[in-house]
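Just passing along the structure, written as structure tokens.
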Amino acid sequence: MEQTSMKKRVILSGYYGLGNGGDEALLATLLQMLPSHVTPVVLSGNPQETALRYGVETYQRKNFSQVIKALHSCDVFIWGGGSLIQDVTSLISPFYYGGLMILARIMGLKTIAWGQGIGPLKYLPTQLLARTNFASCAKVSVRDRSSSSLLSNWHIPHILAPDPVWALASQPVAELANLPKPRIAVTLRSHPQLTPDILANLTHALRNLQTATQAFLLLLPFQKSHDLEIAETIKSQLNDHSQIICLEDPQLLKGAFRHVNMVIGMRLHSLIMAASEGCRCFAISYDPKINRLMEDLHIPGWDLIDIPQDVNIISQTWIEYYQKGEILSHQKIQTLVNDAFLHQQLLEDI
């Protein structure tokens, strides 16, 4: 495997094959950015589906013998993007991904952390695990200033660049071609703080927004297991001037935001995809990563726990933003896209 004439085999580890549109978009972008002389090997929660969609070699991410087999066959291990190293939603996650990297290093693989959003890390054991693993990497790239600051405090060299999905190539969605315009997209997800009362207020406000703008509402579940039921609940309260669109291919999912005037989104990558396609973005944040994006791009919105209780305030805020809100300039979008390719340069350098 040391011969330069042989293709390098690179194992990709992330939250892949589990139906999350944002993580699938990170995988699609990573595959798009890998040098041509690299053969990707993906650890997936659904190996057959991942192999079929991307045409890559896959192994079951939770099958230890398959993981060992994959590691034995590869030269490089890549933590493949996103909020893998955080201990807020799960203590299992950082130890799973951290354990894989330790195992890869023991087996002699070069390790890379690519497109990472680090934290929050509340507990000392996960902080120590993260610091040790990032320090051992041959290269590290992160997607936000908070992650960069953390690594700087740990004296770990790294590259800071916009989320890699800014650079993902999008594809038009044929089934949207004949849908009415203007369009507003909605990407909500289940969350303990998204109570039935809050969802009812948001749905009522969406009806008011639709009446005021005459917009067609696109309900886009990014992860069916978390989003589809909410989309169906909203759809049942709207008129026929709306549609639920479920898209599995990340390039199509990004392309769904073409010719959309505004998105109201909880999903981080719904906001990134929409902004990259020239769409106004209004955020509802349930996680610090959303707040970081809001700060970086000056996206208006509310924290989930701070949504106004008055439906009229919600409606009027959305209506005014739809009518007067600014979108990112073409120059700003192009700068973000170009800068996102720094994640590709890191892969080429290594």
Residue pair L168 / A25: nearest heavy atoms and the distance that separates them: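 What the structure gives for the nearest pair is CD2-CB, 4.1 Å.
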
Heavy-atom side-chain contact between N201 and I307 under 4.5 Å: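 Side chain of N201 against side chain of I307, heavy atoms only: no contact under 4.5 Å found.
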
ILVMFWY cluster, W318 and I184 together (side-chain gap under 4.5 Å):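 Hydrophobic grouping puts W318 with I184.
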
Sidechain-backbone polar pair: E24 side chain, E248 backbone, donor-acceptor under 3.5 Å: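 Flag not set: sc E24 to bb E248 has no pair under 3.5 Å.
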
Donor-acceptor contact below 3.5 Å, side chain Y15 vs main chain G81: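 No: the side chain of Y15 does not pair with the backbone of G81.
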
Check: Q127 and K122 side chains under 4.5 Å, non-hydrogen atoms: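 Of all side-chain heavy-atom pairs linking Q127 with K122, none is under 4.5 Å.
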
Trace of the side-chain contact (heavy atoms from CB on, under 4.5 Å) decision for V142 with I118: CA-CA 8 Å; V142 295; I118 309 168; 4.0 Å; yes

Same cluster (ILVMFWY, side-chain, under 4.5 Å), L346 and L109: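 Different clusters.
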
Side-chain donor or acceptor of T213 paired with backbone N/O of L209 under 3.5 Å: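 Looks like yes, one N/O pair under 3.5 Å.
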
Aromatic ring proximity, centroids under 6.0 angstrom, W166 and F341: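 So the answer is no for these two rings.
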
Full working for side-chain contact (heavy atoms from CB on, under 4.5 Å) between V76 and V38: CA-CA 10 Å; V76 178; V38 163; over 6 Å; no

Close side-chain approach of L179 to Q243, heavy-atom, < 4.5 Å: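 Touching, per the 4.5 Å side-chain cut-off.
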
Non-hydrogen side-chain atoms of I264 and M262 separated by less than 4.5 Å: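 I264 vs M262: side chains touch.
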
R280 bridged to E326 by N-O distance under 4.0 Å: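 Salt bridge flag = no for E326 with R280.
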
M266 reachable from I234 in the ILVMFWY side-chain graph, under 4.5 Å edges: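 Yes; M266 is reachable from I234 via cluster members.
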
Short side-chain to backbone donor-acceptor contact, H269 and K254, under 3.5 Å: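 Answer holds: no.
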
Sub-4.5 Å side-chain heavy-atom contact between V173 and L247: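 In short, these two side chains touch, coming nearer than 4.5 Å.
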
Any S285 side-chain heavy atom under 4.5 Å of M294 side chain: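 In contact.
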
CZ on R53 to OG on S44, rounded to 0.5 Å: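 Here the rounded value is 9.0 Å.
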
ILVMFWY network linking L27 to L52, side-chain heavy atoms under 4.5 angstrom: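 Shared cluster, no.
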
Neighbour count >12 (heavy atoms, 6.0 Å) for atom CD, E229: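 For E229, atom CD is not crowded (no more than 12 foreign heavy atoms under 6.0 Å).
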
Salt bridge (Lys or Arg N to Asp or Glu O under 4.0 Å) partners for D144, two or more places apart: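 Applying salt bridge (Lys or Arg N to Asp or Glu O under 4.0 Å) to D144 gives R292.
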
R258 side-chain N/O to S170 backbone N/O, donor-acceptor pair under 3.5 Å: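 Judged by distance alone, yes, a pair lies under 3.5 Å.
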
Main-chain N/O of I156 paired to H158 side chain as donor or acceptor, under 3.5 Å: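 Present.
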
Nearest-0.5 Å distance that lies between atom CG in L304 and atom OH in Y286: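 Here the interatomic distance stands at 10.5 Å.
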
Candidates D303, L202, D306, T187 - the one meeting side chain to side chain contact (heavy atoms under 4.5 Å, CB included) with I284: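 Looking at D303, L202, D306, T187, the match for I284 under the side chain to side chain contact (heavy atoms under 4.5 Å, CB included) is L202.
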
Under 3.5 Å: donor-acceptor pair, side chain of R143, backbone of Q116: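 A pair under 3.5 Å: no.
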
Interatomic distance, L297 atom CG to L336 atom CG [nearest 0.5 angstrom]: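 Rounded to the nearest 0.5 Å, the CG-CG separation comes out at 6.0 Å.
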
L84 to S93 - nearest heavy-atom pair and separation: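 Taking L84 first and S93 second, the nearest heavy atoms are O-OG, 3.1 Å.
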
Within 6.0 Å of NE2 in H191, more than 12 heavy atoms from elsewhere: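 Buried by this count: over 12 neighbours within 6.0 Å.
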
L129: hydrophobic cluster co-members (side-chain, 4.5 Å):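 Listed partners: F95, I102, I106.
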
Flag if over 12 foreign heavy atoms under 6.0 Å of CD, Q32: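 It does: Q32 CD has more than 12 such atoms within range.
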
Stepwise side-chain hydrogen bond (donor to acceptor under 3.5 Å, both in side chains) test for R105 and S136: CA-CA 8 Å; R105 203 159 59 247; S136 72; 2.7 Å; yes

Test item: Q251 side-chain N/O and A169 main-chain N/O as donor-acceptor pair under 3.5 Å: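 Answer holds: yes.
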
Chi angles and distances behind the side-chain contact (heavy atoms from CB on, under 4.5 Å) call for L18, D23: CA-CA 9 Å; L18 295 163; D23 290 286; over 6 Å; no

Shortest non-hydrogen contact between I245 and P221, atoms and distance: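 Scanning both residues completely, I find the closest heavy atoms to be O-CD, 3.3 Å.
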
Trace of the side-chain contact (heavy atoms from CB on, under 4.5 Å) decision for L150 with L121: CA-CA 10 Å; L150 181 61; L121 294 169; 4.3 Å; yes

R267 side chain near Q223 side chain, heavy-atom distance below 4.5 Å: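 Yes; the side chains approach each other to less than 4.5 Å.
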
Identified side chain to side chain contact (heavy atoms under 4.5 Å, CB included) counterpart of P40 within the set L30, I78, V56: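 Between P40 and the candidates, side chain to side chain contact (heavy atoms under 4.5 Å, CB included) is satisfied uniquely by V56.
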
K235 atom NZ: more than 12 heavy-atom contacts under 6.0 Å: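 Atom NZ in K235 is packed in, count exceeds 12.
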
Parallel, tilted or perpendicular: ring planes of W79 versus F134, cut at 30 and 60 degrees: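 Rings of W79 and F134: perpendicular, over 60°.
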
Where G45 and Q60 come nearest, the two heavy atoms and their spacing: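 So the minimum-distance heavy-atom pair works out to O-NE2, 3.4 Å.
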
Atom pair OG/CG of S148 and N153 - distance to nearest 0.5 Å: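 Result: 9.5 Å between the selected atoms.
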
Any donor-acceptor pair under 3.5 Å from E57 side chain to V41 backbone: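 Flag not set: sc E57 to bb V41 has no pair under 3.5 Å.
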
Inter-residue atom distance L342.CG - L160.CG, 0.5 Å rounding: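 The CG atom of L160 is 9.0 Å from CG of L342, to the nearest 0.5 Å.
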
L199 to L188 - nearest heavy-atom pair and separation: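 Answer, listing the atom of L199 first, then L188: CD1-CD1, 4.2 Å.
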
Check: F77 and V10 side chains under 4.5 Å, non-hydrogen atoms: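 They are not in side-chain contact.
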
Check: R9 main-chain N/O paired with D75 side-chain donor or acceptor under 3.5 Å: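 Confirmed, D75 side chain pairs with R9 backbone.
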
NZ/NE/NH1/NH2 to OD/OE distance under 4.0 Å, K139 and E348: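 Salt bridge: no.
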
Neighbour count >12 (heavy atoms, 6.0 Å) for atom CD, Q309: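 Result for CD/Q309: open.
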
Gap between atom CG of D87 and atom CD1 of I92 - 0.5 Å precision: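 The CD1 atom of I92 sits 12.5 Å away from the CG atom of D87.
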
D240 CG: over 12 foreign heavy atoms closer than 6.0 Å: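 Result for CG/D240: open.
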
K69: partners by side chain to side chain contact (heavy atoms under 4.5 Å, CB included), with sequence neighbours left out: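 Side chain to side chain contact (heavy atoms under 4.5 Å, CB included) list for K69, sorted by chain: Y59.
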
Minimum heavy-atom distance between L271 and A283, given as atom pair plus value: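 For L271 versus A283, the nearest heavy atoms are CD1-CB, 3.8 Å.
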
H241 and F216 aromatic ring geometry - parallel, tilted or perpendicular at 30°/60° bounds: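 Correct class here is perpendicular.
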
